[in-house]
Amino acid sequence: MKRLLVLLMVCLLCVQGFTQSTRKIRELEKQHAELQKQISASETLLQSTKKDVKSQLDNLALLSGQINERKKYIETIEQDVKIIQTEVSRLQVELKALQRELADKKKKYEQSVKYMYQNKSIQEKLMFIFSADNLSQMYRRLRYAREYADYQRLQGLQVERKQKQVSEKQQTLLASRKAKEEMLKQGEAERLKLEEQEKERKTLLTSLQKKQRSIQSEISKKRRSADRLNAQIDRLIEIEIENARKRAEEEARRKAEKKAGTVKEKAVATGESKKGAKSKTTPSKMGEYKVDSEDRRLSGVFTQNKGRLPIPITGPYVIVGHFGQYQVKGLRNVRLDNKGIDIKGKDGAQARTIFDGEVSAVFQYNGLSNVLVRHGSYISVYCNLSSVLVKKGSVLKARDIIGQVNTDKDGNTVLHFQLRKETEKLNPELWLHR
């Protein structure tokens, strides 16, 4: 019975191993399908056919974004190929061990079958049992005969199960090798596409390098516009921080009054003076509060979701402008300074909130709408909207639509997105799930 239980446990572990290997491959295949879908969707974002500097710079940004996406995808494929290769190596070791165990089980089973064949007649069994010297020995021989028959059946069962395990392991190994081959093919196809995009980018850079003065003029124009927009955002965020401070002070005052009332009741009951009770309950440092309890709770939950927040635009997208100061690769003295990120979408794309929050401001700039949403101490900013569906005070859930992203006369649909923690500017790419 114990041997049977051990056998069943071993079989269960093998089945679990088989299931885990299959699940791992399926998870990788699912991730690849999602990444491939995003890459394919981003390729539908067409470049402008115009040859002016602004259009060419926009095309360069789009192409650079697509190249970055494809490079990341190829890196993912390479990492997953390594994971599967490790899995293949592990499966090969386990398969060899199972095959050795199967050979051993078969050998033992053959020996037991041979022994039973040699002593197969009922008469031989009875003679073996009844030739015992005493009753105790006869009982032991009878028990031995039964146990050996059970042992033979168990050996047969073990051989059968071990063969099944070997077969399943071989299937898993073949599936893993096939998955690896598919990923290698996919990686090679992506590399060929990447080479084509690199050639296209090089051609575009060659054209732009001849227009250095026009490029500097266009960059300066964009920088001045961005500075004015950021000044408005900074001013509104300072107002929001002041409002948060007042809310925190009000909450502290209410708590202090409640506590003072409780102490006063106790003072009356014990005969203490009202003056003494007040002196013990007056709050001393209300200004030390930055956020109230609800803001604090929301901030904590927001922080826990770093790296998992949804992309703030619907449909296919490409990040065409990154956070911070950086040099445009391939162009001399072209340096950008971005307080957020720029996300190019398809015509008709909508901006959506990245987390639960409340609209703290809606303002206009250059004829377009911009929205600030507060998430406790954090504020997300959605700029370049042609229309909005929310107003100040609107309470939103994650992925709620905020408004329509503007499409300019050149066909560019770009959402400018920022993320702040009070006045601190954060890199949105570190917080979004991609």
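Index from 1, following the sequence.
- Atom CG in Leu396 sits 8.5 Å away from atom NE2 in His375 (nearest 0.5 Å).
- Here the straight-line distance linking atom CG of Asn68 with atom CG of Leu63 works out to 10.0 Å at 0.5 Å rounding.
- With Tyr73 as the fixed residue, the side chain to side chain donor-acceptor pair (under 3.5 Å) test singles out one of Gln38, Glu190, Gln186, Lys193: Gln186.
- In this structure, Leu372 and Phe363 have side chains that are in contact, with non-hydrogen atoms separated by less than 4.5 Å.
- Between Pro310 and Leu432, the shortest heavy-atom distance links the atoms O-CD2, 3.4 Å.
- Not a single side-chain hydrogen bond (donor to acceptor under 3.5 Å, both in side chains) links Gln404 to another residue, sequence neighbours left out.
- Listed here is the closest heavy atom pair of Lys169 and Leu98: CE-CD1, 3.8 Å.
- Within the 4.5 Å cutoff, the side chain of Ser369 has no heavy atoms near those of the Tyr382 side chain.
- When Lys339, Gln418, Lys425 are each tested for a side chain to side chain donor-acceptor pair (under 3.5 Å) with Asn230, only one passes: Gln418.
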| query | Hey, mind stepping through Gln216 and Ser220 against side-chain hydrogen bond (donor to acceptor under 3.5 Å, both in side chains) and telling me if it holds? | reply | CA-CA 6 Å; Gln216 293 296 347; Ser220 298; 5.2 Å; no
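- Looking at every heavy atom in both residues, Lys344 comes nearest to Leu45 through O-CD1, 3.5 Å.
- Using a distance-only test at 3.5 Å, with no hydrogens or angles considered, no donor-acceptor pair links the side chain of Ser40 to the main chain of Lys37.
- Under the side chain to side chain contact (heavy atoms under 4.5 Å, CB included) test applied with Ile67, the options Glu69, Lys71, Arg70 reduce to a single match, Lys71.
- For Gln212 (side chain) and Arg332 (main-chain N/O), a donor-acceptor pair under 3.5 Å exists by modelled atom type.
- Using a 4.5 Å heavy-atom threshold, the side chains of Thr86 and Arg90 count as separate.
- No donor-acceptor pair closer than 3.5 Å links the side chain of Asn305 to the backbone N or O of Arg308.
- When all heavy atoms are compared, the tightest approach of Leu419 to Trp431 is CD2-CG, 3.6 Å.
- A salt bridge links Arg245 to Glu242: one of the charged nitrogens lies within less than 4.0 Å of a carboxylate oxygen.
- Relative ring orientation between Phe302 and Phe355 is described as perpendicular, the plane-to-plane angle rising above 60° on a 0-90° scale split at 30° and 60°.
- Using modelled atom types, no side-chain atom of Glu358 and backbone atom of Val373 make a donor-acceptor pair closer than 3.5 Å.
- In this structure, Ser377 contributes its side chain and Ser299 its backbone to no donor-acceptor pair below 3.5 Å.
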- Message: One pair to check against side-chain contact (heavy atoms from CB on, under 4.5 Å): Lys54 and Lys221. What are the steps and the verdict?
- Response: CA-CA 11 Å; Lys54 181 183 179 302; Lys221 180 181 174 183; over 6 Å; no
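- Salt bridge status for Glu198 with Lys202: absent, with no side-chain N to carboxylate O gap under 4.0 Å.
- Side-chain contact check for Glu168 and Thr172: no donor-acceptor pair (N or O, by modelled atom type) lies under 3.5 Å.
- Two residues are said to be in side-chain contact when any heavy atoms from C-beta on lie closer than 4.5 Å; Lys397 and Thr353 fail this criterion.
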Can you check side-chain contact (heavy atoms from CB on, under 4.5 Å) on Cys383 and Ile233, steps first, answer last?
CA-CA 10 Å; Cys383 302; Ile233 294 171; 4.0 Å; yes
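- Interatomic distance, Ser167 OG to Leu95 CG, rounded to the nearest 0.5 Å: 10.0 Å.
- The two residues Arg223 and Arg335 make their nearest non-hydrogen contact at NH2-O, 2.8 Å.
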Would you please test Leu60 and Leu331 for side-chain contact (heavy atoms from CB on, under 4.5 Å) and show each step? CA-CA 11 Å; Leu60 181 64; Leu331 291 179; 3.8 Å; yes
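- Here the rule is side chain to side chain contact (heavy atoms under 4.5 Å, CB included) with Leu368, and of Leu229, Val388, Leu385, Asn384 only Asn384 fits it.
- Between Lys222 and the choices Asp337, Asp342, Asp58, the salt bridge (Lys or Arg N to Asp or Glu O under 4.0 Å) rule is met once, by Asp58.
- At distances below 3.5 Å, at least one donor-acceptor pair connects side-chain atoms of Gln209 with backbone N or O atoms of Gly330.
- Under the 4.5 Å side-chain criterion, counting only non-hydrogen atoms from C-beta, Arg224 is in contact with Arg228.
- Between Glu75 and Lys72 there is no salt bridge, since no side-chain nitrogen of the basic residue lies less than 4.0 Å from a carboxylate oxygen of the acidic one.
- Summarising the geometry, atom CD belonging to Glu87 is positioned 5.5 Å from atom OG belonging to Ser176; distances are rounded to the nearest 0.5 Å.
- Between the side chains of Tyr378 and Thr303, at least one donor-acceptor pair of N or O atoms lies under 3.5 Å.
- Side-chain atoms of Ile215 and Val328, non-hydrogen and from C-beta on, never get closer than 4.5 Å to each other.
- Scanning all heavy atoms of the two residues, the minimum distance from Ala351 to Val405 falls at N-CG2, 3.7 Å.
- Once rounded to the nearest 0.5 Å, the distance linking NZ of Lys51 with NZ of Lys211 reads 8.0 Å.
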Problem set entry | Intermediate values then yes/no, side-chain contact (heavy atoms from CB on, under 4.5 Å), His322 and Asn338 | CA-CA 7 Å; His322 298 280; Asn338 200 338; over 6 Å; no
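- The shortest side-chain heavy-atom distance between Thr413 and Tyr317 does not fall under the 4.5 Å cut-off.
- For Thr314 (side chain) and Gln350 (main-chain N/O), a donor-acceptor pair under 3.5 Å exists by modelled atom type.
- Distance alone, capped at 3.5 Å, places no donor-acceptor pair between the Ser207 side chain and the Thr203 backbone.
- By the 4.0 Å N-to-carboxylate-O rule, Asp234 lies close enough to Arg420 to be salt-bridged with it.
- For the pair Ile219/Leu336, a side-chain contact is recorded, criterion being any heavy-atom separation below 4.5 Å from C-beta on.
- Looking at Asp408, its side chain does come within 3.5 Å of a backbone N or O of Asp410 through a donor-acceptor pair.
- Once rounded to the nearest 0.5 Å, the distance linking CZ of Arg352 with CD1 of Ile402 reads 10.5 Å.
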